[in-house]
Enquirer: 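First the structure, then my questions, so here it is.
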Protein chains: 2
Amino acid sequence: MTVTIKDIARKAGVSYATVSRALNNRPEVSEKTRREIQRLAAEMGYKPNAIARGLVTRETLTLGLVIPDITNPFFPEVARGVEEAASEAGYSVFLCNTNWDVDKERTYIELLEEKRVDGLILASVTEDEGYLAELLSRKTPVVLINRILDQVDTNYVAIDNVKGAQQAVEHLISLGHRRIAYVGGLEHVESTTERLHGYRLALAINNIPFEEELVRYGSFKKESGYENALSLLSLPEPPTAIFAANDILALGVIQAIKERGLKVPENVAVVGFDDIPFAAYAEVNLTTVAQPKYTMGEMAAKILIDEIRKGPSPEKKHIVLPPTLVIRASSGGRREGPKNSKH
Amino acid sequence: MTVTIKDIARKAGVSYATVSRALNNRPEVSEKTRREIQRLAAEMGYKPNAIARGLVTRETLTLGLVIPDITNPFFPEVARGVEEAASEAGYSVFLCNTNWDVDKERTYIELLEEKRVDGLILASVTEDEGYLAELLSRKTPVVLINRILDQVDTNYVAIDNVKGAQQAVEHLISLGHRRIAYVGGLEHVESTTERLHGYRLALAINNIPFEEELVRYGSFKKESGYENALSLLSLPEPPTAIFAANDILALGVIQAIKERGLKVPENVAVVGFDDIPFAAYAEVNLTTVAQPKYTMGEMAAKILIDEIRKGPSPEKKHIVLPPTLVIRASSGGRREGPKNSKH
DNA sequence: TTGTAGGCGTTATCAT
DNA sequence: ATGATAACGCCTACAA
């Protein structure tokens with residue numbers, strides 16, 4: 001039913017090797033037969049079978065992208081970067097959403113390997129470095145996003161979380177805050193822990209004592225930011241500023257503050273992380289640490305495809321992108337007002 | 001290098017047919033050899049090759065999902081619905097983002113067919129119904145999202161755009177507005193045209209004359225909403241309310257209104273469409289027409305997988321989901337205030 | 001320039 | 001219960 005190169009060969013009166021060559025635009029075919037065959041192929045509605053091709057060429061021109069939460073606007077931007085760079089190079093991408101579930105993450109990775117993707121881009125949330133190390137020892141090239149391993153060398157594209165967080169907190173300190181809380185996400189995920197580092201660093205440098213009770217964990221969902229903020233505001237001595245590990249959390253934090261009848265930033269200043277598109281909206285106006293999301297995805301894909309094409313290299317690529325503090329109204333810093341927010 | 005069933009067969013001293021049977025848990029294998037083979041497979045780090053399997057079984061357990069804009073929070077929700085339903089049924093999904101580009105859409109569809117996906121879910125933006133009709137006549141099952149064709153019968157999951165838009169506009173009318181503008185997206189895309197229908201219907205029913213100058217088109221991006229709103233506000237007789245074809249546009253509209261020094265909803269009321277998560281935020285508080293996004297994706301996947309498994313059916317599935325008007329502050333209707341917004 | 005034939009890793013259909 | 005062996009659709013030496 002579906003037409004194959006054999007069908008074309010029969011109709012054209014040539015061997016199917018010739019058809020294969022003609023269709024792949026190989027030089028060793030006469031211009032005349034090439035044209036004839038391509039005409040026939042089009043006419044017969046031939047569509048190459050990438051599965052069959054993949055079996056023999058041992059490449060699928062397919063990448064796997066594993067992310068934890070497509071619902072968080074950070075990841076679609078990254079995914080777009082990956083996809084456009086991939087597509088430009090002739091690759092498709094399997095998009096897998098793990099919902100922050102490490103088991104699902106693992107299942108997906110194994111599945112992608114069974115599907116013989118040519119490479120893998122992971123925004124991993126697993127704590128099991130042993131698993132990742134083992135994975136990296138396999139033959140499928142991998143690029144990690146926002147994840148740096150201690151034990152193993154690997155390709156990664158990341159942001160300088162420590163510096164970003166430090167800048168955010170120092171900004172708050174420079175505005176006079178000394179009682180600053182940190183609302184993290186999942187406790188053991190790098191974006192929580194590294195940003196905590198930066199937070200502590202900023203405090204230390206400015207001789208502000210670190211207080212355990214001002215640090216909270218949860219998920220990376222808005223609800224978690226909301227609840228942790230409520231709890232922080234109920235402290236005998238509540239914080240005057242809150243730094244959230246990402247913008248979604250920050251939005252939850254702001255909601256909690258407002259529901260308590262308090263104002264942002266007059267009563268409580270807020271800073272987030274990521275600079276998702278909605279942070280810039282006049283109604284939100286969130287001071288935040290911007291990540292070059294699209295670029296991160298784009299670079300990850302390019303590095304991956306490069307490794308796929310050139311084969312494994314002893315030196316892995318390490319990209320650490322600089323964060324950018326974007327000051328808007330929510331922190332009370334006035335460098336950028338609503339009128340200047342990009343739209 | 002990579003271990004195949006032949007390697008296992010050699011080591012186990014059986015034919016590779018037996019290995020295949022054992023690994024697939026076929027009944028015609030003795031319990032003993034099955035166990036032994038599975039042990040060996042695990043020990044040798046065997047990983048089935050889905051490409052090879054796909055070549056012979058003629059199914060890839062893979063779906064293609066084509067959407068125009070992963071950056072619009074509407075689509076990640078849909079994608080999550082598709083992905084979870086697919087994953088539960090053992091399918092993976094290729095996520096393709098067309099950036100509202102019809103050529104890219106077409107290229108992706110062809111590519112997905114070459115990759116032999118078992119089925120296709122399309123949120124298509126092409127005006128070329130002929131192409132879609134031809135596509136639907138091929139053997140790959142297809143489900144359309146928010147797209148209904150005149151000429152051809154096909155599976156689809158959609159929302160009642162006309163009714164949704166009508167409700168939105170009637171809500172504005174009931175609040176006393178009579179000069180209501182419509183900010184559409186791409187002019188020929190169904191979500192623009194159908195919602196325009198609903199808009200006109202509501203006007204007609206209420207004996208409000210339709211005025212061409214109050215209808216604008218552009219893209220589905222925030223910038224487009226922003227610019228069209230600016231232009232509308234510059235009319236000699238500007239509208240007192242604006243209905244936008246989606247929430248992203250509505251956010252742009254709100255920004256324009258505020259930058260003009262006007263207030264929402266006191267000076268200009270705004271209603272959107274989709275109910276993206278950010279619409280519910282206290283700071284935005286957008287009245288909008290909610291679509292069951294996750295459900296739409298989920299149903300599309302289930303319908304598709306059903307057709308894949310049962311083979312083509314003469315009766316296609318038509319699902320039209322009901323829209324829900326969610327009244328928040330931006331329209332000036334007071335049914336739901338910020339305090340009640342979900343978080 | 002073109003044809004022949006082997007093989008990619010599986011599953012499936014015969015026998016045995 | 002197990003073993004040969006032929007597909008699946010394509011690419012690619014090697015031969016002609």
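Below, all heavy atoms of this structure are taken into account, side chains as well, without hydrogens, waters or symmetry copies. Numbers restart at 1 for each chain; the letters A, B, ... are given by sequence-line order, proteins then strands. None of the values given here were measured: they were computed from a predicted structure.
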Enquirer: Just call it for B:Lys6: base, sugar-phosphate, or nothing, with non-hydrogen atoms closer than 4.0 Å on any strand.
Expert: base

Enquirer: Does D:dA1 have OP1 or OP2 under 4.0 Å away from a side-chain N or O of B:Thr18?
Expert: no

Enquirer: For C:dG9 and A:Arg58 - does any side-chain N or O of the residue sit under 4.0 Å from the phosphate oxygens OP1/OP2?
Expert: yes

Enquirer: Roughly how many Å is it from CZ in A:Arg35 to C1' in C:dT1, rounded to a whole number?
Expert: 16 Å

Enquirer: Could you work out, with ring-ring contact (aromatic ring centres under 6.0 Å, His included) as the rule, every residue matching B:His188, not counting sequence neighbours?
Expert: none

Enquirer: Give the rounded distance in Å between these two atoms: CG of B:Leu55 and C1' of D:dA7.
Expert: 9 Å

Enquirer: Quick check: does any side chain N or O of A:Asp69 sit under 3.5 Å from a backbone N or O of A:Asn99, one acting as donor and the other as acceptor?
Expert: no

Enquirer: Residues of residues 304-311 of chain B with any non-hydrogen atom less than 4.0 angstrom from an atom of DNA chain C: list those, numerically ordered, please.
Expert: none

Enquirer: Which comes earlier along DNA chain D counting from the 5' end, the contact point of B:Ala52 or that of B:Ser30, where each point is its nearest nucleotide?
Expert: B:Ser30

Enquirer: Side-chain N or O of B:Thr4 less than 4.0 angstrom from OP1 or OP2 on C:dG9?
Expert: no

Enquirer: Mind calculating the distance between CD1 (B:Ile51) and C1' (C:dT10) to the nearest angstrom?
Expert: 12 Å

Enquirer: So if I define the base as every atom that isn't primed, P, OP1 or OP2, how would nucleotides 11-16 of chain C read as a B/S/- string at a heavy-atom cutoff under 4.0 Å?
Expert: BBB---

Enquirer: Strictly below 4.0 Å, N to O, side chains only: are A:Asp306 and A:Lys310 in salt-bridge contact?
Expert: yes

Enquirer: Roughly how many Å is it from CZ in B:Arg10 to C1' in D:dG3, rounded to a whole number?
Expert: 16 Å

Enquirer: Using side-chain heavy atoms (C-beta onward) and a distance below 4.5 Å, is B:Ile109 in contact with B:Leu120?
Expert: yes

